Amino acid sequence: MDAVGKAQIRKLAEAWHAPADWVQRARIITLSRAELHTTAIAAELGCHPKTVRVWLGDHRGHRAER
């Protein structure tokens, strides 16, 4: 991902006026880049570790097209 994409994700992670699922995904990606583990990210955001794994899998392109 280029610098522009990283900046957009960082901005979205801090957004107050954006769809909640977009903000959550951006926060998951941001925390993942800080090298936090799935369980730590889930605890930080108050969600299930599986949610973190799904969003990271989507972001990294490991999931098939839906």
Side-chain angles (χ1 to χ4, degrees):
M1 178 174 290
D2 63 1
V4 174
K6 289 179 182 178
Q8 288 174 333
I9 289 176
R10 197 174 322 110
K11 184 177 178 181
L12 184 58
E14 297 169 359
W16 286 88
H17 300 289
D21 60 332
W22 292 9
V23 173
Q24 183 182 46
R25 289 181 191 187
R27 288 179 179 161
I28 288 170
I29 293 166
T30 302
L31 292 171
S32 172
R33 288 189 183 140
E35 299 184 10
L36 291 177
H37 293 281
T38 302
T39 53
I41 294 170
E44 175 80 21
L45 299 178
C47 64
H48 196 277
K50 185 174 180 179
T51 302
V52 175
R53 285 191 296 274
V54 167
W55 290 156
L56 288 176
D58 283 351
H59 173 68
R60 294 177 181 152
H62 294 300
R63 290 185 53 120
E65 292 290 322
R66 294 180 207 181

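What you see is a predicted model; the values in this text were computed from it and never measured. Counting begins at 1 with the first residue of the sequence.
- Residues satisfying the side-chain hydrogen bond (donor to acceptor under 3.5 Å, both in side chains) criterion with T38, sequence neighbours excluded, are absent altogether.
- Among all heavy-atom pairs drawn from I29 and L56, the shortest one is CA-CD2, 4.3 Å.
- Side-chain contact check for L36 versus E44: every heavy-atom pair is 4.5 Å or farther apart.
- For the side-chain contact (heavy atoms from CB on, under 4.5 Å) test, residues two or more places apart in sequence or in another chain that qualify with A15 are L12, A18, V23.
- In this structure, CZ in R27 is found 14.5 Å from CZ in R25, a value given to the nearest 0.5 Å.
- The two atoms that bring A13 and A26 nearest to each other are N-CB, 3.6 Å, heavy atoms only.
- T30 has its side chain out of reach of E14: every pair of non-hydrogen atoms, C-beta onward, lies at least 4.5 Å apart.
- Here the straight-line distance linking atom NZ of K6 with atom CZ of R33 works out to 6.0 Å at 0.5 Å rounding.
- Cluster membership for W22 and I28, using ILVMFWY side-chain heavy atoms within less than 4.5 angstrom, is not shared.
- Listed by chain and residue number, Q24, C47, H48, W55 satisfy the side-chain contact (heavy atoms from CB on, under 4.5 Å) test with T51 (two or more places apart in sequence, or in another chain).
- Of the inter-residue distances, the one linking R53 atom CZ with S32 atom OG reads 13.0 Å to the nearest 0.5 angstrom.
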